[in-house]
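First up is the structure itself, then whatever we jot down about it.
By convention in this document, chain letters (A, B, ...) are assigned in the order of the sequence lines, proteins followed by strands, and residues within each chain are numbered from 1.
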Amino acid sequence: MRVSRLMLVTLRDDPAEAEIPSHKLLLRGGYMRRVASGVYAYLPLLWRVLSKISAIVRQEMNATGALETLLPALQPASLWERSGRWQGYTAGEGIMFHLVDRQERSLGLGPTHEEVITALAADLLRSYRQLPVSLYQIQTKFRDEIRPRFGLMRGREFIMKDAYSFHADEADLRLTYARMDQAYRRIFSRCGLRTVAVEADSGAIGGSASQEFMVTAAAGEDLILSSADGRYAANQERACSLPEPAVPLVCPSPEAVELHTPGQHSIEDLCAAHGLEPSQTVKVLLLLARCAIGQARVVLVSLRGDQQLNPTKLANAVSAAVGEGAGALLELEPISAEQIRSEGLPEWPLGCLGPHLGDELLSGARSWHPAFLRLADATAAELDVFVCGANRPDTHLVGARWEALGGARPSVADLRSAQPGERCLQDPTQRLEASRGIEVGHIFQLGRKYSQALEATFTNEQGLDEPLWMGCYGIGVSRLAQAAVEQHHDQQGICWPVAIAPFEVIVVVASAQDPVQVALGETLHDKLEQAGLEVLLDDRSERAGVKFKDADLIGIPWRVVVGRGAASAQVELVERASGAKSEMAADAVVAQLQQTILAARGGLALGSS
RNA sequence: CGGGAUGUGGCGCAGCUUGGUAGCGCACUUCGUUCGGGACGAAGGGGCCGCAGGUUCGAAUCCUGUCAUCCCGACCA
């Protein structure tokens, strides 16, 4: 391929819209253009990268025995109503693009395909004799993200590989899950990525066990907490740790004593004013939970004063507490004084709340459920004696005890965010370290959530019908491409790993005016292609410096410079990533590159997709 | 949706405070000189100043509204 025919337009300046290196470089290198917020045109160079990643994904998925398929992006609402996810995915902060067709039927653009695949499974899978079976597809997904970000990192339209497995029992699901785990590790390693597998929250997809694969990079959106020995790693949303022990509260009197605390509405103010430690206090947070079905509920969360609330864990706890009858949890937001007023309720002593806040405060609420949903983190529930709000303005209680406070006791759950520096649960001698990661893959054991909802059953060996066991497995293909750039770049530009580079070699003719150089460049290009390599020939009549800069920017792993030595058939070979240069005979360079590159491809032969 | 910022040739920006001929660098075209790390000179083409109202003799500039994009939070591959 000739650069002059490549429609290559590189930019000298960073586009103002890009913030992180990979986004800037993909725009500057002429790999993509933004069409709308979170929507990108993949230009020819990027499409080659995406195709190579897809080819690796295909090989590894096929090796697990999964079958490639292609499901519709346009999906009927009725299917999503059957799984109970239509509301959650379209109302409130739902992310599904949806529309109404000329027959007034509601449709959505697939953000994921559990519904479609499960309906197909219900239709096609009848007997345990057909199981297990796995299907996958590589396809464009649509998600109306609340905030698209960083180019391909969080797009509203993006390429994803999603796979679904079906099993007769849970043990078999675990086997495939483990096989997918191994396949994923091979995929990322073949793409040249350093990844870490972390325990993850299952989120809206649901199900039990799940694991994310993170490309470690400073620009990552997720915080990973891991032990130094690498045996424990989890997304902060999910991570657990041993909290520091609370500082004991010395309290001579068995009765709680009132403390005048004017204007001390935060834990910091309270502790500073009275010489207390945050771990001696219990703070109370009020949130409003809106579910698809039923009244909004006020959630009263008790946390030890030094702990941070983990919104993901709280959302899971609330969902579990309200039960399936309430449908999907649509929204969980802190309550404001205005909201309390607009419910027609008298003012609450915000800032001085205690865990024993009575349900009578909710009586007469216009739309809210008349009782608090009471939850407490274990660190708070374990305190024998503590400081908390007195539920009266400017007043706290010192020496409060759960049994003495009276009122309804909260359900105890893990609601706190693990923090870097805390001790690991499985090995208290180690402490959690923080790093950032880009989530490029996520695997789930879904269990029977979707098969039950969509009545996807099979007949087991005993002749009885039962719901299928399911797993699902995603890779963000377009995100992976950008994550690779985030991990492999320098001041000059991208340094693609050979396995996913758009081209493997670029032959740069230093002077397009010199017929000897031009001829040698052409010859080399042809020979390298005949050797089975993917070769770019920079035949433009630019000055050498411009071509070198562009070659570095677009990040082709190997550069062959045909220049001054052309008359004596000498060329220069430069490795992009290391910058290592060597002079050699033009004849020798073909064999050398063939050997090096074929090895670096990791078994992916040309055109093997 | 809340908070912050920005919209001026393809890209990066100045001009706006104090209203009066729309500018600079890069890119593009032509010519000449140059030619191994984003050359130099000359000539040239390209802009509804995001959009819509308003104020004014006159608006890129002032006012109102609106749209879009980016950043910080909730969502996720």
N/O donor-acceptor pair, side chain [X] with base [N], under 3.5 angstrom:
| X | N | value |
| --- | --- | --- |
| A:Asp14 | B:C11 | no |
| A:Arg28 | B:G38 | yes |
| A:Arg143 | B:C76 | no |

Under 3.5 Å, which donor-acceptor pairs do the side chains of residues 518-525 of chain A form with other protein atoms, sequence neighbours left out?
from	atom 1	to	atom 2	distance (Å)
A:Glu522	OE1	A:Arg2	NH2	2.7
A:Glu522	OE2	A:Arg2	NH1	3.2
A:Glu522	OE2	A:Arg2	NH2	3.3
A:Thr523	OG1	A:Ala519	O	2.8
A:His525	NE2	A:Met1	N	3.1

Which part of the nucleic acid, if any, lies within contact of [X], taking any heavy atom under 4.0 Å across all strands shown: a base, the sugar-phosphate backbone alone, or nothing?
| X | value |
| --- | --- |
| A:Asp550 | base |
| A:Phe150 | sugar-phosphate |
| A:Ile146 | base |

> Is there any side chain to side chain donor-acceptor pair (under 3.5 Å) pair reaching into residues 5-15 of chain A, and which pairs are they, with sequence neighbours excluded?
Replying inline: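 Those involving residues 5-15 of chain A are A:Thr10-A:Asp550.
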Only pairs with both distances under 3.5 Å count, Watson-Crick or wobble alike; so what is the partner of [N] in this structure?
| N | answer |
| --- | --- |
| B:G58 | none |
| B:U64 | B:A52 |
| B:C28 | B:G44 |
| B:U17 | none |

So, using side chain to side chain donor-acceptor pair (under 3.5 Å) as the criterion, who are the partners of [X] when residues are at least two apart?
| X | value |
| --- | --- |
| A:Arg576 | A:Asp490 |
| A:Tyr164 | A:Asp162 |
| A:Ser134 | none |
| A:Arg185 | A:Asp181 |

N/O to N/O distances under 3.5 Å, protein versus nucleotides 2-8 of chain B:
none

> Should the pair A:Phe213 and A:Tyr184 be assigned to parallel (<30°), tilted (30 to 60°) or perpendicular (>60°) ring geometry?
Replying inline: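 The arrangement is tilted - the two ring planes meet at 30° to 60°.
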Taking only the side-chain nitrogens and oxygens of [X], find out if one of them lies under 4.0 Å from OP1 or OP2 of [N].
| X | N | answer |
| --- | --- | --- |
| A:Arg149 | B:U69 | no |
| A:Thr112 | B:A77 | no |
| A:Arg33 | B:C11 | no |

Sub-3.5 Å pairs of nitrogen or oxygen atoms, protein against nucleotides 40-49 of chain B:
none

>> On RNA chain B, compare the nucleotides closest to A:Asn235 and A:Glu17; which residue's is nearer the 5' end?
In response: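 On the 5' side of the pair lies A:Glu17.
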> Which residue, A:Gly151 or A:Phe158, contacts RNA chain B at a nucleotide closer to its 5' end, judged by nearest heavy atom?
Replying inline: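 The residue whose closest nucleotide sits nearer the 5' end is A:Gly151.
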>> Using a strict heavy-atom distance below 4.0 Å, which residues from residues 66-74 of chain A are in contact with RNA chain B?
In response: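 Hits under 4.0 Å, by residue number: none.
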> When rounded to the nearest 0.5 angstrom, what is the spacing between CD in A:Glu157 and CD1 in A:Ile159?
Replying inline: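 If I round to the nearest 0.5 Å, the distance is 8.5 Å.
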> Going by an N to O cut-off under 4.0 Å, is there a salt bridge joining A:Glu114 and A:Arg85?
Replying inline: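 Salt bridge flag = yes for A:Arg85 with A:Glu114.
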> When you check every protein heavy atom under 4.0 Å of nucleotides 23-37 of chain B, what one-letter string (B, S, -) results, 5' to 3'?
Replying inline: --BSS------BBBB
>> Test: salt bridge (charged side-chain N to carboxylate O under 4.0 Å, His left out). Region: residues 436-446 of chain A. Which pairs qualify, not counting sequence neighbours?
In response: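 Checked against salt bridge (charged side-chain N to carboxylate O under 4.0 Å, His left out) - neighbours excluded - no pair reaches residues 436-446 of chain A.
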>> Side chain of A:Pro15, heavy atoms from C-beta onward: which of B:C11, B:U69, B:C72 has the nearest atom to it?
In response: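 Selected nucleotide (nearest to the side chain): B:C11.
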>> Please pick, from B:A77, B:C76, B:G73, the nucleotide with the shortest atom-to-atom distance to any side-chain atom of A:Glu237.
In response: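 The answer is B:C76.
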>> Is the terminal nitrogen or CZ of A:Arg48 (NZ for Lys, CZ for Arg) located under 6.0 angstrom from the six-membered ring centre of A:Phe503 and within 45° of that ring's axis?
In response: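 Pair A:Arg48/A:Phe503 counts as cation-pi.
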>> What is the distance, to the nearest angstrom, from the CG atom on A:Leu27 to the C1' atom on B:G12?
In response: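 In whole Å, B:G12 C1' lies 13 Å from A:Leu27 CG.
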Let me check something: any side-chain donor-acceptor pairs from residues 145-152 of chain A under 3.5 Å, sequence neighbours excluded? List them with distances.
from	atom 1	to	atom 2	distance (Å)
A:Glu145	OE1	A:Arg154	NH1	3.2
A:Arg149	NE	A:Glu221	OE1	3.1
A:Arg149	NH2	A:Glu221	OE1	3.0

